[in-house]
Amino acid sequence: MAQRIGTKLFVSRLSFYTTKDQFKNMFSPFGQVTEANLVMDSRTGRTKGFGFVSYQSEDEALKAIKALNGRIIAGRIIFVEPAKDNK
DNA sequence: TATGAGCGT
C-alpha cells in the first residue's frame with residue numbers, strides 16, 4: 001500500500017461565514033471537484049465550520065491539500081486532510 | 001448573539 005489518500009477530503013476550521021459557493025470556489029482551481037459539501041446545522045441553518053470535497057483523482061486531492069492546508073482563507077487558517085471515508 | 005475541535009444531511 002503506497003501513499004493512498006483517496007479522493008475525498010475533510011476540510012475543517014473554516015470561517016462560519018464561509019458559504020458553499022466560497023467553499024467550492026477555493027477547491028475548483030486545483031482540480032475537478034466532483035463533490036463539494038459543506039456541513040450545515042439543522043438548527044440554525046448555518047455552517048458547522050467544516051465540509052467535504054471530492055476530486056476526480058487522488059493527485060488533484062493531494063494537490064489541493066498541499067495548496068490549502070494550513071493556508072489563511074477568509075482571515076482564518078483552515079485545515080485540509082484526507083477524509084476517513086476516502087473511497 | 002457567539003463559538004472553534006471535529007469526519008457529514
Side-chain angles (χ1 to χ4, degrees):
Chain A
M1 305 62 155
Q3 295 178 345
R4 174 165 298 188
I5 66 172
T7 55
K8 183 172 291 185
L9 301 179
F10 172 69
V11 186
S12 61
R13 249 184 147 190
L14 291 166
S15 174
F16 292 109
Y17 297 94
T18 304
T19 178
K20 185 182 178 182
D21 190 60
Q22 294 278 359
F23 185 71
K24 184 173 57 183
N25 283 331
M26 52 188 288
F27 285 97
S28 296
F30 299 102
Q32 291 191 22
V33 179
T34 58
E35 185 98 56
N37 222 161
L38 245 190
V39 180
M40 299 299 242
D41 195 306
S42 305
R43 303 159 292 192
T44 61
R46 295 173 196 179
T47 319
K48 285 184 178 179
F50 68 95
F52 297 89
V53 176
S54 297
Y55 281 97
Q56 244 182 3
S57 65
E58 297 180 359
D59 183 68
E60 295 175 332
L62 183 61
K63 184 166 61 179
I65 294 177
K66 293 182 177 180
L68 296 177
N69 185 30
R71 291 293 187 183
I72 300 180
I73 303 298
R76 265 61 175 177
I77 299 179
I78 69 172
F79 291 109
V80 184
E81 51 185 284
K84 291 181 179 179
D85 199 36
N86 44 357
K87 296 169 183 160

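Everything numeric here is computed off the predicted structure, so don't read it as measured data. Each chain gets a letter, A, B and so on, in the order its sequence line appears, and its residues count up from 1.
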Query raised in the report: Judged by atom type as modelled, is there a donor-acceptor pair below 3.5 Å linking the side chain of A/Y55 to the main-chain atoms of A/L9?
Result: no
Query raised in the report: Counting distance only, does the side-chain N/O of A/N37 pair as donor-acceptor with the main-chain N or O of A/F52 below 3.5 Å?
Result: no
Report task. List the protein contact pattern of nucleotides 3-9 of chain B with one symbol per nucleotide (5' to 3'): B for base contact, S for sugar-phosphate-only contact, - for none; contact means a heavy-atom distance under 4.0 Å. Result -> BBBBBBB
Requested in this report: For the pair A/L14 and A/T47, evaluate side chain to side chain contact (heavy atoms under 4.5 Å, CB included) and give the outcome as yes or no after the intermediate values.
Outcome: CA-CA 9 Å; A/L14 291 166; A/T47 319; 5.7 Å; no
Query raised in the report: Looking at A/N86 and A/G6, what are the two nearest heavy atoms and their distance?
Result: CB-CA, 3.8 Å
Query raised in the report: Nearest heavy-atom pair of A/R13 and A/R76: which atoms, and what distance?
Result: O-CB, 4.5 Å
